[in-house]
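What follows is one structure encoded as structure tokens, with my remarks underneath.
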Amino acid sequence: MQSTRSRRKVAPAAADGGDSGDKLEQLLLSSAICNGEDLGPFVRKVFASGRPETLLHHLRHFARSKESEIEEVCKSHYQDFILAVDDLRSLLSDVDSLKSSLSDSNSRLQSVGGPLLSSLDSFVEAQNVSKNVNSALQSVILCIKLTELCLRANLHLSNGSFYMALKCLDSIENEFQDKTPSSTLKRMLERKIPEIRSHIERKISKEFGDWLVDIRVVSRNLGQLAIGQASAARQREEDLRIKQRQAEEQSRLSLRGCVYALEEDDDDGGLGGDENDGYSNGNNGLFGFDLTPLYRAYHIHQTLGLEERFKQYYFENRKLQLTSDFQVSSMTPFLESHQTFFAQIAGFFIIEDRILRTGGGLVSKMEVENLWETAVSKMCSVLEDQFSRMQTANHLLLIKDYVSLLGVTLRRYGYPVDALLNVLSKHRDKYHELLLSDCRKQIAEALAADKFEQMLMKKEYEYSMNVLSFQLQASDIVPAFPYVAPFSSTVPDCCRIVRSFIEDSVSFMSFGGQLDFYDVVKKYLDRLLGEVLDGALLKLISSSVHGVSQAMQVAANMAVLERACDFFFRHAAQLSGIPLRMVERGRKQFPLSKARDAAEDMLSGMLKRKVDGFMTLIENVNWMTDEASQGGNEYVNEVIIYLETLVSTAQQILPPQVLKRVLQDVLSHISEKIVGALFGDSVKRFNVNAIMGIDVDIRLLE
């Protein structure tokens, strides 16, 4: 078909007649119509001029001029239409031929494709059946695997293997739950899996709760074992020091052939931080120290995704246990319960140290340190309170020893114990004051029981116990038995009291964090000797000594105690680990000098009074005699007989230097008496013979 021709702009044709104005108007109107312009101006113009007929005339003229053109266009379109109809008729014939051909082809296709379609339908149906069967088989296999996994989970649950049961549940959730074709199974899994997890959590929480109960008893036993081992190690060290002191003493005495060796036992410390430390994560045969329930509970909670909650639960429960361990019963004396109290805390922190190192982050170092700071603060508070109430030195020493063993034990695990040791040091003065008070009573009782008689020792062990153990012997030669000592029983009794004081003082000062404590021990030893013992002896001398024999025995005791004091300071130095040469270099005067001087003065006074009785015979001297007396006057003979008797007895008891001082004092007194008699009022006159007789008396005394 021919396409529609585009519209053309036609120029207006010129009119044959009319004047030029009308032609121009007609031309403009034609041009406006051809160009599709607005004809309103033309209409208004003709109506304004009152000539609408002219416009109508022009329009009719324009229409007539276009009719011929329209006719030509129509003719052209008609020709095209005729050609198109002819083409359609030709096409219709072709379409009829094609239709018959298609009909034949369709008949042949249907005759051939019918069986094929039937076969295809059968194939599709068989394929669908195969797919359904395969899907059913896969569903059955999946259900079988799921069932087997459920059976395995039930078996693990019945055997208590909760971790494996949870792993089975995780596998069921991740691999089977969403893929399960059975809605019944799926609903069952959705309901049962949370129930099983809750059941496992309850069971493992119960096991953990039972472990929390059992671990308190284990903590106490473990603490006692650890502190006991620290005590055994301390005893071994003390035994070594004793051997060393004995060896040093033998060396000091220059005993030939003295060969010694210090042997140290292996400290197998069964509770150290090594792997073979007597307990492990599993069961310990001796104390049942079993961390398995704890780690099992922690592992299960990790698997359940409740790790942080379990950590908090564990820490809060252990903190509550520690708080309950701090409770001190008011019904039981602290002296009886202190070992259990401190052993419980020691065991608690030994276990926490193990859990910190092997628990896989169950507790943090900061948490353990905070617990330890709380424990130290509470223990210091308890010690301060209990020490302030105690009035017996031995009780204070027992608790101090156990606390120091606690410090040694826990220091091995890295816990700082300086605060505890500071509390012990703070009560050092109170302890020594109580110890001095106890010794004052004991010394008073020992002195009150003294009979002022020389001590008789029938056996060698008595000699060793009363003489050698305090180095009171004047010679290294062992005497024959029975042996009569120059001192009374008071001396070894007092020596035992002083030695016990030294050992208790050193025991309190030892293992308290202060290495050089000899000066402290020496200070209190000086007080014991200079204040307590010296004061008690002075009181004894002033109130209980009656007669020369008793005064002589006391003076003899003082001489022996002077040797004993040297032993006391050496013993204190040895126990304090100080070389003996330092002690000998810094030795001061005899601390019992007041009592010694008082005893010698009393003995001298008694002898002087006795001598004064004989010196009254000087009144019988004939000061105007005709010849000098060659055998001495009567008074001097009596004095000499008394003094010789006295000296023979005193030589068995008093050391020579003491006896010499006493005799010198007595003789000086006799000299003063003779001079006093010469210058006295009773002697009015005397001659040379009388003076020569006095000279004989003095030579006899010399």
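By convention here, the first residue in the shown sequence is residue 1.
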Using a 3.5 Å distance criterion without hydrogens, assess whether the side chain of [X] forms a donor-acceptor pair with backbone atoms of [Y].
X    : Y    : result
N422 : D418 : yes
Q321 : L212 : yes
Y415 : F349 : yes
T303 : H299 : yes
K539 : A444 : no
S377 : E373 : no
K430 : S388 : yes
S505 : F501 : no
K522 : A573 : no

Side-chain donor-acceptor distances from residues 433-440 under 3.5 Å, at least two apart:
unit_1	atom_1	unit_2	atom_2	d
E433	OE2	R527	NH1	2.6
E433	OE2	R527	NH2	3.3

| field | Distance, nearest 0.5 Å, that separates NE2 of H571 from SG of C495 | value | 11.5 Å
| field | Rounded distance [0.5 Å steps], OG in S205 versus CG in D210 | value | 11.0 Å
| remark: Note: A346 and L410 closest approach over all heavy atoms is O-CD2, 3.9 Å
Mind telling me whether [Y] and [X] have parallel, tilted or perpendicular rings, with 30° and 60° as the class edges?
X    : Y    : value
F342 : Y402 : tilted
F310 : Y313 : tilted
Y314 : F208 : tilted

Less than 4.0 Å between a side-chain N and a carboxylate O, is that true for [Y] and [X]?
X    : Y    : answer
K441 : E445 : no
D325 : R216 : yes
D493 : R496 : yes

Less than 4.5 Å apart, any side-chain heavy atom of [X] and any of [Y]?
X    : Y    : value
L151 : L155 : no
L529 : F569 : yes
W372 : P416 : yes
F348 : Q344 : no
L537 : L447 : yes
K311 : L362 : yes

| request: Mark yes when over 12 heavy atoms from residues, nucleotides or ligands other than K206 sit less than 6.0 Å from its NZ; otherwise mark no. | output: no
| With sequence neighbours excluded, residues passing ring-ring contact (aromatic ring centres under 6.0 Å, His included) with F387 | H427
Partner set under salt bridge (Lys or Arg N to Asp or Glu O under 4.0 Å) for [X], not counting sequence neighbours:
X    : result
R318 : E352
E367 : none
D429 : none

| message | Applying side chain to side chain donor-acceptor pair (under 3.5 Å), can you list everything that pairs with E308, at least two apart in sequence or on another chain? | response | none
